[in-house]
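First comes the structure, then the notes that go with it.
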Amino acid sequence: AQRVTQPEKLLSVFKGAPVELKCNYSYSGSPELFWYVQYSRQRLQLLLRHISRESIKGFTADLNKGETSFHLKKPFAQEEDSAMYYCALKGNKLVFGAGTILRVKS
Amino acid sequence: EAGVAQSPRYKIIEKRQSVAFWCNPISGHATLYWYQQILGQGPKLLIQFQNNGVVDDSQLPKDRFSAERLKGVDSTLKIQPAKLEDSAVYLCASSRNDGRQKFSGNTIYFGEGSWLTVV
């Protein structure tokens with residue numbers, strides 16, 4: 001079975017502070033992991049995927065197979081990062097976590 | 001390129017009534033998905049089409065939900081009869097993946113969603 005867990009419903013940080021959105025997964029096969037973001041009044045969109053090993057808008061995420069985690073990180077939060085973030089796992093289907101609201105305060 | 005289009009954006013119906021949602025995927029995208037997103041939860045896959053064939057409908061409540069993708073392009077999702085717990089956002093998404101790739105790596109693009117309230 002595929003499962004994605006995002007333990008925090010809400011993460012509130014000050015502008016300029018580091019951000020880490022946690023994601024843990026469960027899957028017996030070789031996973032593809034993604035982070036999706038939904039800004040206010042916008043559609044859900046892909047932020048980054050583990051196979052690309054890229055940094056998007058200053059965000060990075062490293063797949064840790066030993067800890068079955070794919071945490072999203074950014075060293076310095078900006079107000080425009082405020083949004084809902086979903087971790088997703090693609091095994092035989094794309095499964096989403098419940099999401100974490102990131103609120104960046106000025 | 002034009003994004004995934006969905007209609008209607010908002011719908012309010014009474015329980016036991018029926019409703020239908022329409023989705024037009026991005027041109028050339030072989031795979032189409034319908035997700036249900038209940039308030040406070042992540043999107044849940046209802047059904048996945050590859051062209052006009054069903055790949056996965058294991059979480060589709062088939063006693064009341066149905067979906068079709070005639071001609072492998074547009075798709076409709078129908079609920080009949082609706083229940084209060086069907087109140088959710090119904091997201092349509094598409095990807096280019098034609099199913100032949102073992103490791104897809106294909107981006108899934110989402111529509112803006114159709115908001116359903118059952119009263």
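The basis for the numbers below is simple: all heavy atoms, side chains too, and nothing from hydrogens, waters or symmetry mates.
Contact of B/E112 with chain A is made through backbone and side chain together, with heavy-atom distances under 4.5 Å.
By the neighbour-count criterion of 12 heavy atoms within 6.0 Å, atom NZ of A/K22 is densely surrounded, having more than that number from other residues, nucleotides or ligands. In this structure, B/K78 places its NZ atom where only 12 or fewer heavy-atom neighbours from other residues, nucleotides or ligands lie under 6.0 Å away. Shown here is B/L84, whose CG atom has more than 12 heavy atoms of other residues, nucleotides or ligands within 6.0 Å. A 6.0 Å sphere centred on CZ of B/R9 holds more than 12 heavy atoms belonging to other residues, nucleotides or ligands. Residue A/E80 qualifies as enclosed at atom CD: its count of foreign heavy atoms under 6.0 Å is above 12.
Within residues 98-106 of chain A, the residues that have a heavy atom under 4.5 Å from a heavy atom of chain B are A/A98, listed by number. Residues of residues 12-24 of chain B having a heavy atom under 4.5 Å from any heavy atom of chain A: none. Listed by sequence position, B/D56, B/S58, B/Q59 are the residues of residues 56-67 of chain B in contact with chain A, using a 4.5 angstrom heavy-atom cutoff.
Applying the disulfide (SG to SG under 2.5 Å) test to residues at least two apart or on different chains, the pairs with a partner in residues 45-106 of chain A are A/C23-A/C87.
Hydrophobic cluster membership is shared by A/V19 and A/Y39, with clusters built from Ile, Leu, Val, Met, Phe, Trp and Tyr side chains linked at under 4.5 angstrom. Cluster membership check: B/V73 does not share its hydrophobic cluster with B/W34, using side-chain heavy-atom separations under 4.5 Å among Ile, Leu, Val, Met, Phe, Trp and Tyr. B/L46 and B/Y33 fall into different hydrophobic clusters, defined by Ile, Leu, Val, Met, Phe, Trp and Tyr side-chain heavy atoms under 4.5 Å apart, directly or through other members. Both B/L77 and B/L116 belong to a single network of hydrophobic side chains, linked directly or stepwise wherever heavy atoms of I, L, V, M, F, W or Y lie under 4.5 Å apart. Under a hydrophobic-cluster definition in which Ile, Leu, Val, Met, Phe, Trp and Tyr are linked whenever side-chain heavy atoms come within less than 4.5 Å, directly or via other members, B/L32 and B/I79 are assigned to the same cluster.
Taking each heavy atom of B/Q37 and A/Y86 in turn, the nearest pair found is NE2-OH, 2.5 Å. Taking every heavy atom of both residues into account, B/L45 and A/L94 meet most closely at CB-O, 4.5 Å. Here the closest non-hydrogen pair linking A/L44 and B/F110 is O-CB, 3.6 Å.
Here CZ of A/R43 is found 10.0 Å from CG of B/L91. Values are rounded to the nearest 0.5 Å.
Side-chain contact between A/R49 and B/T107 is present, with heavy atoms from C-beta onward closer than 4.5 Å.
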